[in-house]
Amino acid sequence: MKFFIDTADLDEIREAASWGVLSGVTTNPSLYAKTGGKLADFEDHMVKICSICEGLPVSAESTAETTEEMIAEGKRLASLAPNIVVKLPICEASLPATHALAAEGIRVNMTLVFSAPQALLAARAGARYISPFVGRFDDIGDDGLAQLETVINAVQNFDYGYWDEEGGPEIITASVRTPNHVTQAALMGADIATVPFAALKKCVHHPLTDQGLVKFAADWKKVVEG
Ligand code: E4P
């Protein structure tokens with residue numbers, strides 16, 4: 001499974017990219033707002049992310065509401081850098097927009113996906129990536145992982161004639177909260193998990209690893225001081 005980082009924070013992206021494990025970045029309007037970014041600086045900010053992660057897909061979300069506006073904004077976003085992926089929420093307006101953008105070779109990440117029918121429609125419209133959310137189900141006491149499994153199983157049953165040479169459409173497990181979300185997504189065969197930096201750091205650590213490091217260091221100190 002590939003790891004994307006789910007943030008617009010440039011420092012977090014630089015740090016995670018330095019680990020050599022990143023295959024992409026996803027952002028959304030809330031994540032950009034969290035950086036304190038201004039509207040006027042949004043496109044430059046996306047270009048900076050694309051430069052830090054040169055050659056890796058970077059999802060920049062359109063806030064357009066009509067098909068025409070989504071197509072226009074999608075083309076503008078795609079023109080910012082070769083690795084920009086246009087993020088569109090699943091809705092009646094974004095299906096034809098995705099179809100039109102895919103026909104021009106522009107990659108769309110269909111987001112805010114919460115069901116298999118939404119994911120199947122996104123794939124049929126030509127989305128390069130499909131982002132089923134997990135954590136937001138858990139936030140309301142539902143079972144996000146069970147929903148993810150239905151999306152993965154449904155989408156992977158068919159071919160869609162788009163992005164075949166890239167192995168698309170790929171499922172991006174989104175709204176990830178814990179290392180267990182990462183584990184279960186991988187066991188289900190999700191192509192990608194996009195993980196917030198804090199959760200990514202939790203994936204690196206384990207209490208027994210940390211305890212083992214302390215013991216090794218203490219025992220090695222005895223060797224050194226022997
Ligand atoms: C990624 O593409 C999504 O926008 C993101 O994972 C949503 O996460 P959240 O549910 O924590 O806002």
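Note that the coordinates shown come from a computational prediction; the quantities given were computed from them, not determined experimentally. When a ligand or atom number is given, it counts from 1 through the structure's own listing order. Note: hydrogens, waters and symmetry copies are ignored here, and every other heavy atom, side chains too, is used.
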In the protein, what heavy atom is nearest to atom 7 (C) of ligand 1, and what distance, to one decimal place, separates them? Phe133 CE2, 3.6 Å
How about CD1 on Ile140, more than 12 heavy atoms from neighbouring residues, nucleotides or ligands closer than 6.0 Å, or not? yes
State whether the shortest distance between N or O atoms of Arg136 and N or O atoms of ligand 1 falls below 3.5 angstrom. yes
Below 4.5 Å, heavy atoms only, C-beta onward: do Ile106 and Arg128 meet side chain to side chain? no
Test your reading of the structure: does Ser175 have an N or O sitting under 3.5 Å from an N or O of ligand 1? yes
Polar side chain donor-acceptor pair, Asn109 to Ser59, under 3.5 angstrom: yes
Out of all atoms in ligand 1, which are within 4.0 Å of some heavy atom of Asn28? Include the element for each. 3 (C), 4 (O), 5 (C), 7 (C)
Based purely on interatomic distance, does Asp6 place a nitrogen or oxygen under 3.5 Å from a nitrogen or oxygen of ligand 1? yes
Could you check whether any heavy atom of Lys87 sits closer than 4.0 Å to an atom of ligand 1, since that is the contact criterion I want to use? yes
When you look at Lys38 and Asp41, which way does the salt bridge (Lys or Arg N to Asp or Glu O under 4.0 Å) test go after all the steps? CA-CA 5 Å; Lys38 303 289 183 260; Asp41 302 325; over 6 Å; no
Within the structure provided, determine whether Leu88 and Ser62 are in side-chain contact (heavy-atom separation under 4.5 Å). yes
For ligand 1, which atoms, with element, lie under 4.0 Å from some heavy atom of Ala174? 1 (C), 6 (O)
Would you kindly say whether Thr194 and Thr26 are connected by a side-chain donor-acceptor distance under 3.5 Å? yes
Provide the number and element of each atom of ligand 1 under 4.0 Å from a heavy atom of Arg177. 9 (P), 10 (O), 11 (O)
